[in-house]
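Please read the structure below before turning to the comments.
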Amino acid sequence: MTGYSLAVAAFILTLVVLVIGTAPPSQNDDPSSRVAGKAGTLALYRWLGDLGFNVHRISSQFDVSGTDVLLIVDPRTPISDSDAASVMQSVARGADLVLAVSPESQADAQALLIRLQVSLSAPRPAGDSVPAQPIDAGDRVHHVPMAAGSAIDPAPYLTPLLTQSSALTAVAEQVTGGGRAYVLASALPLSNDGLRNADSSTLVLSMLERARGGAIGFDEYHHGEMSATADGAAAVFESPLGLA
């Protein structure tokens with residue numbers, strides 16, 4: 001069995017486990033990697049772990065120093081300018097970034113988008129995105145579902161990856177002497193609900209195949225897990241366990 005077949009098999013097993021443990025409807029809008037609802041990224045977290053990657057969650061402190069690939073999926077608290085600077089420093093040292101935004105999170109991601117010089121403006125309906133050019137060496141990415149949102153504005157320093165009609169929905173940006181930044185105009189392909197559809201999972205693998213290492217960090221800090229100094233009852237209720 002090929003490595004790709006093994007990856008698909010592990011992905012299917014992960015989805016089966018998630019279906020058995022379906023999340024309550026109240027979690028369906030939560031993009032956390034701890035959540036099995038539609039918007040959650042628990043399937044992605046478990047799948048990548050099953051594939052042998054060193055997956056970890058970034059919470060309490062926004063420390064990206066030990067991360068080879070940073071996943072910021074639909075941030076729900078503002079990324080500060082200092083946090084954005086930390087991300088850019090990490091990418092300059094060779095790490096990769098995957099940033100996926102929705103209309104709900106675009107404002108919270110603005111500081112990082114500004115540093116990446118990426119802007120999203122024109123409204124875009126939900127639809128099927130196709131490669132603007134071949135994305136992976138095996139040419140396996142052909143269709144990726146995207147939720148409604150904004151289109152990415154073209155720029156000469158951005159490499160188009162996915163388009164929906166004339167709208168740009170995913171781009172790559174190479175940092176000179178460093179790693180790459182991938183920006184998706186929808187969090188759907190990385191979510192529990194979207195990862196299983198079309199070529200979403202293959203898109204993920206294509207973004208990881210050039211990474212410098214296998215340490216993949218899921219940003220939970222900007223999903224609200226940012227209490228580093230709480231004590232007593234606050235520490236319990238604001239901890240990852242309390243949030244879950």
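Taking Arg93 as the reference, nothing meets the salt bridge (Lys or Arg N to Asp or Glu O under 4.0 Å) condition, with sequence neighbours excluded. Considering only residues two or more places apart in sequence or on other chains, Tyr182 meets the ring pair (Phe, Tyr, Trp, His ring centres under 6.0 Å) condition with none of them.
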Under 3.5 Å, sequence neighbours excluded: what are the donor-acceptor pairs made by side chains of residues 141-150?
from	atom 1	to	atom 2	distance (Å)
His142	NE2	Asp139	O	2.9
His143	ND1	Asp128	OD2	2.6

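Remark: side-chain polar atoms of Thr163 are not paired, donor with acceptor, to backbone N or O of Ser166 under 3.5 angstrom. A donor-acceptor contact shorter than 3.5 Å links the side chain of Ser186 to the backbone of Leu188. A distance-only check finds a donor-acceptor pair linking the side chain of Thr41 to the backbone of Ser33 [under 3.5 Å]. Listed for the Gln164 side chain is no donor-acceptor partner under 3.5 Å among the backbone atoms of Thr169. Formation of a donor-acceptor pair under 3.5 Å by the Gln133 side chain with backbone atoms of Pro160 is found in this model. Looking at Asn192, its side chain does come within 3.5 Å of a backbone N or O of Val35 through a donor-acceptor pair. No donor-acceptor pair under 3.5 Å is formed between the side chain of Arg124 and the backbone N or O of Leu168.
If you take CG on Asp199 and CD1 on Ile135, they are separated by 9.0 Å, rounding to the nearest 0.5 Å. Within the model, atoms CG of Asp96 and CG of Leu71 stand 10.0 Å from one another, a figure rounded to the nearest 0.5 Å.
Ion pair Glu225/Arg34 flagged as a salt bridge, since at least one NZ, NE, NH1 or NH2 atom sits closer than 4.0 Å to an Asp/Glu carboxylate oxygen.
Of the listed residues (Glu220, His223, Arg76), just one forms a side-chain hydrogen bond (donor to acceptor under 3.5 Å, both in side chains) with Ser32, and that residue is Glu220. Only one option out of Thr67, Leu112, Val64 pairs with Leu97 in a side chain to side chain contact (heavy atoms under 4.5 Å, CB included); it is Leu112.
In this structure, the ring of Phe62 has its center less than 6.0 angstrom from the ring center of His222.
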